[in-house]
Protein chains: 2
Amino acid sequence: MSNVPSLPVTPRESTADSVSGQENSEARERVLAAAYDLFSHKGVRGVGVDSIIASAGVAKRTFYRHFRAKENLVLAFLQRREQLWTMGWLEAEVTNRAAAPEQRLLAIFEVFDDWFRRDDFEGCSFINVLLETAEPGNHVRQASATHLARIRDFLQRLAEDAGISQPDDFARKWHILMKGSIVAAGEGDQLAARRAREIGLTLLRAEGVKVSRQGDGKRPLAERPISTHHRPVTLSSNAVPSKKT
Amino acid sequence: MSNVPSLPVTPRESTADSVSGQENSEARERVLAAAYDLFSHKGVRGVGVDSIIASAGVAKRTFYRHFRAKENLVLAFLQRREQLWTMGWLEAEVTNRAAAPEQRLLAIFEVFDDWFRRDDFEGCSFINVLLETAEPGNHVRQASATHLARIRDFLQRLAEDAGISQPDDFARKWHILMKGSIVAAGEGDQLAARRAREIGLTLLRAEGVKVSRQGDGKRPLAERPISTHHRPVTLSSNAVPSKKT
DNA sequence: AAACGGGTATACCGCTCTGTCTACCTTCGG
DNA sequence: CCGAAGGTAGACAGAGCGGTATACCCGTTT
């Protein structure tokens, strides 16, 4: 049973790993959910396979039946992070909060503002993994870069919709603001999102975009039904919680 | 005997670690120099004590005579990074390239532009260490945050000199641009520094600062005597290079 | 009924890492 | 001359890591 697994276990999450071709196992899902929590908060190098299987309540053999090696789990984690965080949370939340493209760009930092205030703020897993993996050729590192690029694609689409002349350059600039504010938040600056928003505002205006002020500070924040943050409903502290969490 | 050690071995680098009170040993200096290269390029978690002592050509016993534990070496490394990178390179280079405070702020990104193009670009060790150390209370993590704050102090001084109204807020914003561009460069965007510079320019103007254009693009780059980059003259590939570098 | 696929539990291997310990060598000052 | 300080070399302990192997259990399918 276990209350509501993070993802409905439905379809193939791509990159075939499972031995017999079926990646929709319950055990696999528990592992992935446990890995999501642990990896996103403690980093992929800081969490061992033993911790994950203990937290997932799964046998080691079962783990290695679904993932050839730890690296494969990490790659699967990054993909799930994109589903849950990038798409299921950030993009959804932004799209929900504003309609005009330039307002959506600004809304990113309003979403970040809430995020940075969370006591269990984890930072951006893509950045974290990228930076804790030194070797340039690494699979995991490249995957992180790809997922970051996909965030940039979202920004670029918004820039195009806003009629900005050089959407790629603009998206990369906006991404610099996002990444910079995330690192600043990790450093402890809880106001980082507001600062980044202000920079973004001047940047938009310099770009010739007319941005109708609907609150320079906080948003009206009427109804916002989505998102209980991008965290999957973690399976309630299963089984042996391992020794040294 | 070993060509020009990175620092003249002269005075106390604070935080007494050495057993008998003298931290000006030659062996200690070799260790610190080796650690600087390895840590800054491969991360502090990715480099073991064995690699360091092999690269430094020093016995293990000697290492532990000077550093109670690896953590103490890491802290010493961060301090040296501040001396060599923050002060000896970034601040010196910026101060050398421009005189007016607003020009110095912009010069940061011109210095970064050169830096990002290096093939052995290592990123900001303070950010790297901060992000690869998950636990919030950690000594090393806090030390990294402190060193980052000291960079911000430099920015704040420049902001004050430029007559900017809220220097702390401005410094934090500028730092967001710096950190964001560094991460972007780590991701592979070699133009990140120029993008950040452009953002900074609009930000300065929005702040009411008159910035006389002396080249919107590249600088005149006349004489610039300082800096062969912040890298200490690494002791030429000493001793046993260990097995698996 | 038998076979099989997937799950559990646990021991184990080999490697790496931090840190200690033994033993010897060199230099230098009283 | 001798002893202490600081150095070298290398074995070693103990822990954690990723990954494998053994043995058993259970439900479904054939």
Side-chain angles (χ1 to χ4, degrees), chain A residues 1-2 9 17-32 34-35 38-39 42-77 132 139-140 238-245, chain B residues 1-2 5 9 17-32 34-35 38-39 42-75 77 132 139-140 238-245:
Chain A
M1 296 290 112
S2 98
V9 180
D17 251 323
S18 157
V19 185
S20 50
Q22 52 184 8
E23 16 250 45
N24 46 349
S25 140
E26 153 112 19
R28 183 191 159 93
E29 181 53 38
R30 292 167 63 84
V31 168
L32 221 27
L38 291 171
F39 280 163
K42 305 187 180 182
V44 298
R45 297 187 70 173
V47 176
V49 173
D50 286 348
S51 303
I52 290 169
I53 65 176
S55 166
V58 126
K60 207 167 196 179
R61 191 67 216 267
T62 306
F63 171 84
Y64 281 103
R65 213 194 303 278
H66 289 286
F67 300 95
R68 198 176 310 177
K70 187 190 176 183
E71 179 173 305
N72 300 279
L73 174 63
V74 173
L75 293 173
F77 157 69
E132 69 181 313
H139 271 187
V140 172
N238 287 314
V240 219
S242 119
K243 45 197 165 182
K244 171 194 174 185
T245 319
Chain B
M1 329 253 101
S2 92
V9 182
D17 252 323
S18 156
V19 186
S20 51
Q22 52 184 11
E23 18 249 45
N24 46 349
S25 139
E26 153 113 18
R28 182 191 160 93
E29 182 53 37
R30 292 166 64 84
V31 168
L32 221 27
L38 291 171
F39 280 162
K42 305 188 180 183
V44 298
R45 296 188 71 173
V47 176
V49 173
D50 285 349
S51 302
I52 291 169
I53 65 175
S55 166
V58 126
K60 209 167 198 180
R61 190 66 214 268
T62 306
F63 171 84
Y64 281 103
R65 212 194 306 277
H66 289 287
F67 301 95
R68 199 177 311 176
K70 187 190 177 184
E71 179 174 304
N72 299 279
L73 174 63
V74 173
L75 293 173
F77 156 68
E132 71 180 310
H139 272 186
V140 171
N238 288 312
V240 218
S242 120
K243 45 198 165 183
K244 173 195 173 185
T245 317

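Here is how names work: the chains are called A, B, and so on, in the same order as the sequence lines, proteins then strands, and each is numbered from 1.
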- Atom CG of Asp50(A) to atom P of dC12(C): distance rounded to whole Å? 16 Å
- Looking at CG of Leu38(B) and OG of Ser55(B), how far apart are the two atoms once the value is rounded to the nearest 0.5 Å? 5.0 Å
- Item | Distance in angstrom units between Glu71(A) CD and dC17(D) C1', rounded | 16 Å
- With respect to the phosphate group of dG6(C), does any side-chain polar atom (N or O) of Ser25(A) fall under 4.0 Å of OP1 or OP2? no
- Given atom CD of Glu29(B) and atom C1' of dG7(D), what is their separation to the nearest angstrom? 17 Å
- Task: Working to the nearest 0.5 Å, report the span between CZ of Phe39(B) and NZ of Lys42(B).
- Result: 11.5 Å
Protein-nucleotides 8-15 of chain D N/O pairs under 3.5 Å:
residue, atom, partner, partner atom, Å
dT8(D), OP1, Gly57(B), O, 3.4
dT8(D), OP2, Ala59(B), N, 3.2
dT8(D), OP2, Thr62(B), OG1, 2.7

- Query: How many Å lie between CZ on Arg68(A) and P on dT20(D), as a whole number?
  - Reply: 11 Å
- Answer yes or no: does a side-chain N or O of His66(B) lie under 4.0 Å from OP1 or OP2 of dG7(D)? yes
- Non-hydrogen atoms of Ile52(B) and Val47(B) that approach each other most closely: CG1-CG1, 3.7 Å
- Would you kindly give the OH-to-C1' distance between Tyr64(A) and dC13(C), to the nearest whole Å? 13 Å
- Task: Figure out the CG/P separation between Leu38(A) and dC17(D), and round it to whole Å.
- Result: 12 Å
- Message: Using the salt bridge (charged side-chain N to carboxylate O under 4.0 Å, His left out) criterion, which residues pair with Lys70(B)? Sequence neighbours excluded.
- Response: none
- Note on the structure: Atom CD1 of Ile53(A) and atom P of dA9(C) are separated, to the nearest Å, by 10 Å
- Out of curiosity, Ile53(A) CD1 to Arg61(A) CZ, how far, rounded to the nearest 0.5 Å? 12.5 Å
- Query: Taking CD1 from Ile52(A) and C1' from dC17(D), how many angstroms apart are they, rounded to a whole number?
  - Reply: 12 Å
- Item | Inter-residue atom distance Leu73(B).CG - Arg28(B).CZ, 0.5 Å rounding | 8.5 Å
